[in-house]
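Taking it in order: structure first as structure tokens, then the write-up.
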Amino acid sequence: MDDKEIEKYVEEIYAILNGQITKEEIKKLFNLWLSFHYPPDLIKQKIIQKYAPEKAMKIFDIKGEIRNLNLTAKIVSLKINEKEGRKIASGLLGDETGTIPFTTSINVSIKKGDVIRISNAYTSTFNNVLRLYIPSNGKIEKLDEKMIENVKYSLNSYTIDKLQKNFRNLDIKGKVLYIEEKNGKSKKRYTGLIADETGAIQFTSWGRKLEAGKSYRIKGAYVREFKDKISLNIDENMEITPIEDIEVNENYLNLIDLLNKNVQFGNFEGVVIDVRDDTGIIARCPICGRTLKGRECPEHGEVTPVNDMIGKLTFDDGTLACTLILNKSQMEDIIGKSFDDLVKLVISAPGIPIVKEELEKKVLFKPFSIFGRISIKDSNRIILYPYQINSIEESYVKKMKENIQGMLQ
Amino acid sequence: MTREPAWRIFAREFNDSIVLEKKGEEKEANYILTRLGAKINRILVVGIMENRNILNENSFITGTVNDLTGTIHFSADKNYSNPSVWKFLTSRDPPVRIALVGKVRTYGESKNLDLRIENIAEVDELMEEYWKLTAIRNLLYRINIIRELQNSTDKGTLEKLGFPKTYIESSSLAIELFKDLNIDFYLTMVKELIGMKVEEKNENIDPEKSILDLVEKLDFDGKGARYDDIMENALKFNFERSQVDEILNSLLDKGLIYEPSVNYFKIS
């Protein structure tokens, strides 16, 4: 380290300490630490810590892996695990500048909301996340809770494949592949699918409509788990900015590969080999949407059922077969007749599975490429709910042929 | 149980497979194993329905579908068929381009293979082309696994590479059971199907003539050529086992060769 650089640090420290000690004294101290091979950034923190503890390192300053770290922070969240008879505490620390996850094996009584002074800690990256460790030779002292009142949450940037339940304060970039409006009780609710080059995740957006096909950066989103599935939650108060189109992984999956992977969505290519008998007009409970046999809903008693239409198909890609579920509007599109017209046809020909026959004419033994959501029942029954159904056309087949010719060369 | 997939498979690979013995469990499915390691219970085939015979006082139908590599036999029983299948088979006369899904069935003492039709419909040329390409793609995929195994890549590594466990198992069984597997035979077949030029090793050579030459050449002591020797040598020239049998039969029929004793052939 040359004198020029040292001077630069001295100036910086001098400015922060506001004249509490002279530049010469700072330089002497700096060189002393330097002689023990301390990194300059840490020396800076050490000197500031000594003369102006209130201006010591803030969480925002913690970048990269640092040793001998001292920090004052609030415990934002805390979880205590027993591991081989030892108590391990982990959670999130925060101050006015940000948050950082921490882990410690020091056995002191701490609780959520405590403000603590930590000495001799270090940071290390685990699973792409910078984490603060306070080892047993470190120290945790409790301070007055009022020392830190407001915590600013740091945003965590992840790719979509890395998201797990209860992740918060996320900074996510993704492309909206699909969005539909749901009936929310007070606010409008939209659900859909957002993807990046690593994967896709279902999202719920409260009050904010995003546009399918557009890419966004969303700050502050969080992940929740519902019915064993995680989804990204977005609300209108979050900072949502349109960004340049991002690339999405559009590789095709084989159905057989789903059995060993945790895949929620995908592109598939295959043939409809059966339209099942339970395809057709159905009655649903107007309250819960359950399929009804009569007028009686097991939960809501006697109701006036509403009519709906469902298609249950066997879709097979040569590696495995799955159930493909079509909703009313998808069936209308494929059959090319409106729901009302189909109902009229059904009434005019009692006992004949008109809807099934109409659908068969359009889909049986036809190849499709389908983008949809996957649900796996009993660990091996695959159900595919399509977002997009495309007939396989001549251009697609031509490309397939070229690919295969390439493979055979 | 997962539903059995409908394999896209060419008649030539399908017909040259063996029936796997059942382990004796109840409701166990029928499986055949092809030389390229496909363990099959159900297939999807697209081709031209060439024959259809209504038998047993209108209660049983048999027929054949040709996919350009060979013919596959199918059958349908009125009492067990989907009504739409029965309606199609009784109302449409061959030739017609069809797609059908069926389950593998064996019948008769010689365990002939056929398909019990589950679903059938007329399809267009695009579907035929799409089916052909998927069948080729899947065939090449199986060849990949077989080659990896032949190069003694262990099963665990293959699984880590993403190959399904069931494919790896059935492929190693195929390698074990079909010592005379000839991958080039299948590669040549798909190259022809996709309209690629095939390097002709046996250019302008009449297959019957080649086998006839072998019978002559392999007759070391005047007692005739041993069947096993003929087969072994023919396979080296890219013949497939069933094809050799066919040619030998044809040569016998034509009186060009005869069998001086069991499994020996001699030029007449």
In terms of heavy-atom proximity below 4.5 Å to chain A, should [X] be classed as side chain, backbone, both, or neither?
| X | result |
| --- | --- |
| B:Tyr141 | neither |
| B:Leu140 | side chain |
| B:Ile98 | neither |

Largest heavy-atom contact set with chain A, pairs under 4.5 Å, which of B:Ile120, B:Val190, B:Val123, B:Leu187: B:Ile120
Residue among B:Glu122, B:Arg42, B:Met196 with most heavy-atom pairs under 4.5 Å to chain A: B:Met196
Between CG on residue B:Leu133 and NZ on residue A:Lys399, distance to nearest 0.5 Å: 14.0 Å
Any residue of residues 60-93 of chain B which, by heavy atoms, sits under 4.5 Å from chain A: none
Any B:Thr166 side-chain heavy atom under 4.5 Å of A:Ile256 side chain: yes
Side chain proximity check, A:Ile273 to B:Asn119, heavy atoms < 4.5 angstrom: no
Test: A:Asp316 and B:Arg8 ion pair at under 4.0 Å: yes
Step through the shown structure and confirm whether more than 12 heavy atoms of other residues, nucleotides or ligands are within 6.0 Å of [atom1] on [X].
| X | atom1 | answer |
| --- | --- | --- |
| A:Lys366 | NZ | yes |
| A:Glu394 | CD | no |
| A:Lys362 | NZ | no |

Neighbourhood of chain B inside residues 317-325 of chain A, taking heavy atoms under 4.5 Å as contact: A:Asp317, A:Gly318, A:Thr319, A:Leu320, A:Ala321
Residues 401-409 of chain A: residues contacting chain B (heavy atom under 4.5 Å, by number): A:Lys401, A:Ile404, A:Gln405, A:Met407, A:Leu408, A:Gln409
Any pair counted as side chain to side chain donor-acceptor pair (under 3.5 Å), so long as it reaches residues 125-138 of chain B, sequence neighbours left out: A:Glu269-B:Tyr130, A:Glu269-B:Arg137, B:Arg97-B:Glu128, B:Glu129-B:Lys132
Smallest separation among heavy atoms of A:Pro367 and B:Met127, with atom names: CD-SD, 3.6 Å
